[in-house]
Amino acid sequence: MRNLMKVERVKKELSQQILAEKVGISREYISMIENGERTPSVLIAKKISRILEIEWTYFFENKSNEMTHKTKGA
């Protein structure tokens, strides 16, 4: 789900721990976001996005796209 986040984090040679420290959250929370287990708040999404240089709305667009696909397939 958060493939772009992980790809950009790795490109910038940031571990989950270092990203977490820069954002001010736990490494476990970064892992949950990357695995699609949690959706960050707007504030956290913006902090991550600034560091990784990605669009902050990415975190919410993927979630709504998944819900649309699940609804159509149901």
Side-chain angles (χ1 to χ4, degrees):
M1 178 179 164
R2 303 284 190 248
N3 218 10
L4 177 64
M5 179 181 164
K6 183 175 182 178
V7 167
E8 293 302 317
R9 177 178 59 77
V10 171
K11 269 193 219 178
K12 294 188 180 310
E13 299 180 354
L14 296 172
S15 67
Q16 287 183 339
Q17 183 64 43
I18 291 172
L19 178 59
E21 289 169 6
K22 288 177 177 277
V23 174
I25 59 177
S26 70
R27 187 215 47 86
E28 292 81 7
Y29 193 56
I30 291 289
S31 178
M32 288 188 275
I33 295 169
E34 284 187 353
N35 291 323
E37 298 168 11
R38 297 275 193 251
T39 299
S41 67
V42 170
L43 178 63
I44 296 300
K46 286 182 176 182
K47 286 182 179 183
I48 293 170
S49 297
R50 261 185 244 118
I51 294 164
L52 299 181
E53 298 176 357
I54 59 176
E55 187 63 39
W56 70 271
T57 56
Y58 168 79
F59 294 96
F60 306 101
E61 291 169 0
N62 285 346
K63 191 70 170 174
S64 46
N65 286 342
E66 281 181 14
M67 294 304 289
T68 301
H69 293 303
K70 286 180 183 176
T71 304
K72 286 181 180 176

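The structure displayed is predicted, hence computed values, not measured ones. Residues take their numbers from the sequence shown, with the count starting at 1.
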Could you report the tightest heavy-atom contact between [X] and [Y], atom names first, then the distance?
| X | Y | result |
| --- | --- | --- |
| Phe60 | Thr39 | CE2-CG2, 3.6 Å |
| Ile33 | Phe59 | CG2-CE2, 3.8 Å |
| Tyr29 | Pro40 | OH-CA, 3.6 Å |
| Arg27 | Ala20 | N-CB, 3.6 Å |

> Honestly curious: do Val42 and Tyr58 fall in one hydrophobic cluster under the side-chain, below-4.5 Å linking rule?
Replying inline: yes
> Hey, which of Gln16, Gln17, Lys12 is the one that makes side-chain contact (heavy atoms from CB on, under 4.5 Å) with Leu14?
Replying inline: Lys12
> Per the side-chain contact (heavy atoms from CB on, under 4.5 Å) rule, which among Leu19, Val7, Leu4 passes with Leu52?
Replying inline: Leu19
Spatial distance of atom [atom1] ([X]) from atom [atom2] ([Y]) [nearest 0.5 Å]:
| X | Y | atom1 | atom2 | result |
| --- | --- | --- | --- | --- |
| Lys46 | Ser41 | NZ | OG | 10.0 Å |
| Lys6 | Ser31 | NZ | OG | 8.5 Å |
| Leu43 | Ile48 | CG | CD1 | 10.0 Å |
| Ile25 | Met32 | CD1 | CE | 8.5 Å |
| Met5 | Asn35 | CE | CG | 9.5 Å |

> What do the steps show when you test Lys47 against Trp56 for side-chain contact (heavy atoms from CB on, under 4.5 Å), and what is the final call?
Replying inline: CA-CA 8 Å; Lys47 286 182 179 183; Trp56 70 271; over 6 Å; no
